[in-house]
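First up is the structure itself, then whatever we jot down about it.
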Amino acid sequence: MTGPAKRLPHTDAVVIGLGWAGSIIAKEMVDAGLEVVGLERGGWIETGVDFNINTAPDELRYARRQELMLQTVQNTVTARNNSAQEALPMRKWGSFHPGNGTGGAGLHWAGITWRFQPEEFRLASYLSEKYGDEVDPNLTLQDWGTDWSEMEPAYDYFERIAGVSGKAGNINGEILAGGNPFEGARTRDYPTGPTIPTYAPKLFAQVAEDLGYKPFHTPSSILSEAYTNIYGMQMGPCTYCGFCTNYGCANLSKASAITCVLPALVRQQGFTARTRSEVLKIETDSNGSKATGVTFVDSDGQEWFQPADIVVSAAFTFENVRLMLLSGIGTPYDPATGKGQTGRNYCYQTANNVRLFFDDKEFNSFIGGGAIGMAIDETNNDNFDHSGLGFVGGGSTRVGPIGAPPIGSRPVPEGTPKWGSKWKQATTENYNRSMSIGCESSSYAQRGNYLSLDPNYKDRLGRPLLRVTFDFPENDLRMSQYVTDKIEEIGRAMNPRSIERNAMTGHWNTVPYQSSHVVGGFVMGADPETSGTNKYLQSWQVPNLFVVGANAFPQNPGYNPTGTVGALAVKAAWAITRDYLKAPHQPLVQA
Amino acid sequence: MKPVLIAALLAGTAAHAQDFNAVEKGRKLAITADCAACHTGDAGEFAGGVPLETPFGTLVGSNITPDQATGIGRWTKEEFRRAVKSGKAADGHLLYPAMPYTDYANMTDADVDAIFDYLQTVPAVHNEVEENQLPFPLNMRVALYGWNLVNQTDATYETNPDKSEEWNKGRYIVMGPGHCAACHSPRNLTGGEKTGDDFLTGATLENWHAPDITADPRLGVGGWSEDEIIAYLKTGHNAYDTASGPMAEEVALSSSKWSDGDLASVAAYLKEGEVDAPASAKAPDPLDAQSASMQAGAAIYGDRCSACHAADGEGVAGLYPKLSGAPLVMADDPTSLGRVVLAGSQAGATAAAPTGPVMPSFGATLDNAQVAAVLDYIRNSWGNAAPAVDTGDMASLRKDLQTQ
């Protein structure tokens, strides 16, 4: 135990982190009659209190100064490209934006809500069966240990929590016009209709269709219409205010734990939320096979021990993995031997885009909303034949203008001076005449990419920071060139004045924002040697511990992760309330 | 083991069946009468201490737990009945009429007795409350003899045989335990509720305007369906309105917990209204859409309001109130409207509707003339019609809200 912690009364379950995953699992457990304590390292955030529409669209406050993000003085990560380098701490977030407070990173997200495809959950087996030796042996792809029949109902349930707007492309095997023809068979349509795209995505969809692609509405948790979810929470239609990604939503249009779960949960008997309470460690019994509760520190620096029968670790990817390392859950991954579960298969996302400049189009770029736009999926995952291409994977291609804020969005063509009157003139001319086509692409695991505790740098509480060792695999860089070629073709067909190509090249760099989609590090699977949890997100080593979040992904497909994080949370919640409680402390899958 | 336990429990229940029923009836009536609103504060359930701002000064709800020294532990049923229905405490001192005894006078003795039985079962809390914090001379209770002379009627509720059982039951709840008139009927100069034609025609208190809830189709709730009235009382909102301020509190503590039968009766009564209610007043002509105020209001509305309330004033059902055709919007007195624009408002959240949407405050970004203009616009668009809002009234409202 860490220091002289005071002991709190026993509770049935303690949940670490009140973002999407923790809030959903806490809600389901309280509904099942359990007494639950939720611990959140940040503050309690509430739409009406924190996001007044007079002050919510404040770019300086939220996008530049990152008010909703975890403050690096509280906790950060160190980063390096490979094991030969010394990692240095990130003192300002760049590459990714970990969240803080209730809602977590699911508060400032863009609301893009995919279901992964059925093949994804057995990706290693699938690609090996199809391409054999063609798959780069440096990749350490793994199956998830689950399958579509188990994931589909969980996706469906999460969509009913978030109210996702979209149009089905495949209901019970029937391919439907206007939807994504590549999606796995769903049992029913989205709970709300598709969002109305602005001009740029409309134009993109039209040209893509002419080229033979099948465009569809990007599935969106920025809602198209009023919706009351399965917990009685109400949401309103998006107003396209343009302050979406990085911002909280004042109009109750963006789904998050604070709009969809927590206000209902906090009214319920049996739930207690403790905010500004940072968990230091998951405590286990003497042989490390049973969690006894968690130790946390409150905002006064007082340490507390919260005893509990069930521990759910539902922090952000980085903190979930760090907590496992700090608590001795699993064996730390060793890149030299490829053994160990904790820190294993850390993956990212490979962002690519082309930017187009027009003379004859006016995009009204100021308006928009995170997920609102049109997409095609022919470029993604294994939706095209990879034989002889020298890589596997791909990305979802999308046009989704999120709104062009005055400080951050000044698109100018290459060759424009960086400052002065020429630059000013160019920003004026191009602000409404530019759009981009993005391709959010896969990131596959390779042996040298992993998470571990940093030997040099500590947080303010004296605990080692998490160290990220990551660089883009050759496989992914080749994939980037290929998919960027494809989207460039579509871009050229739109007849722009000029086009700029931004395929991922070179080494991973922490400075520019790329994506907060950091995944893996404590993955789910069927083999306890190569995974931290079974398919129910239950720790192999500690059966009364569930570790839920994107850390469970063995690799990242060309999709945004949140829909799957939500579905895994539902899956874990159902496993606990429907099966685990019948035989507590027992593994739900025999190793 | 289990069957034995159940048998023992049943035997126990049977012995006190009468008491249990009375206590349970009293518990429900205490919710309907919203006793907790004034009598439950930080000291504990029904232990008193909740301050109530009145036009005459601050009054504080008393301790009504069964505590012997500071509560009503030594009171008899008769003394309790006299306090609730006539405003006289057990020791003979007169209660201030913040306690709506002129409404509770309509309750049957049996109902008041049930509340007494229930209150005797709640945990006793020792909490001394100084109820009277009024300035001299109003702090002299002797003044109340005069007040009672003017305002107290020995109204005991009478059933109207020409009306349905449901209408009568609803009317009883409205006039008795529900004490709706306490906020929704205008008051005379001494603060007494006006009756007759003025009954439930709306009143302004603590810078909130409690709107007309008569069956008048334009200014009252006669244009609402019974389902909409029920939804409002149960969840705090319907298409037209979201409960704010004291009404949000009422919904949370009281009407959201009423039985479906009680809600249906109240809705039936309010929708149909009083037998001899005055005929609906003719709607005024809407303000000229080309006037400077209306033009400015339209621009402000487009920028600041339309995102939630929609360009056509239709709002979003259950979330953002519909402004077109809404009685509160067209009330002669725009105090509540001005208040929610200037200071914002959080809707009460209930288990049935936990979201609790918020009206943001615009006091920092709109000046008084702009508030008046946008109110003129919403009060006179989409078929709405109401008198112009005075900028000076918004200025004094702003001042009141700042000093409150």
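Side chains included, hydrogens not; waters and symmetry mates left out as well; all remaining heavy atoms used. Reminder, nothing fancy here: chain letters follow the sequence lines and each chain counts from 1.
Of all heavy-atom pairs between Pro263(A) and Pro354(B), the closest is CB-O, 3.7 Å. Here the closest non-hydrogen pair linking Asn52(A) and Pro360(B) is OD1-CB, 3.1 Å. The nearest pair of heavy atoms linking Thr355(B) to Gly232(A) is OG1-O, 4.3 Å. The heavy-atom pair separating Leu319(B) from Gly236(A) by the smallest distance is CD2-N, 3.3 Å.
A 6.0 Å sphere centred on CD1 of Ile230(A) holds more than 12 heavy atoms belonging to other residues, nucleotides or ligands. Surrounding CG of Asp303(B) are more than 12 heavy atoms belonging to other residues, nucleotides or ligands, all under 6.0 Å away. Counting non-hydrogen atoms of other residues, nucleotides and ligands closer than 6.0 Å to CD of Glu362(A) gives a total above 12. Atom NZ of Lys167(A) is surrounded by more than 12 heavy atoms from other residues, nucleotides or ligands within 6.0 Å. Within 6.0 Å of CZ on Arg64(A) lie more than 12 heavy atoms contributed by other residues, nucleotides or ligands. More than 12 heavy-atom neighbours from other residues, nucleotides or ligands sit within 6.0 angstrom of CZ on Arg160(A).
Note on Cys308(B), Ala307(B), Pro357(B), Ser306(B): by heavy-atom pairs under 4.5 Å with chain A, the leading option is Ala307(B).
Proximity to chain A is limited to the side chain of Tyr320(B), based on heavy atoms less than 4.5 angstrom apart. Using a 4.5 Å cut-off between heavy atoms, Asn251(A) touches chain B through backbone and side chain atoms alike. Interface residue Tyr231(A): only backbone heavy atoms are found under 4.5 Å from chain B. When heavy atoms are compared at a cutoff of 4.5 Å, Glu225(A) does not approach chain B at all. Heavy atoms closer than 4.5 Å to chain A are found in both the backbone and the side chain of Ser361(B).
One distance of note links CD of Gln234(A) with OG1 of Thr235(B); it measures 7.5 Å at 0.5 Å rounding. Note: Met359(B) CE to Ile53(A) CD1 = 7.5 Å, rounded to the nearest 0.5 Å. From Arg267(A), atom CZ reaches atom OG1 of Thr350(B) across 6.0 Å, with rounding to the nearest 0.5 Å. Interatomic distance, CD of Gln346(B) versus CD of Glu46(A), reported as 6.0 Å (0.5 Å rounding).
Between Val358(B) and Thr47(A), every side-chain heavy-atom pair lies at or beyond the 4.5 Å cut-off.
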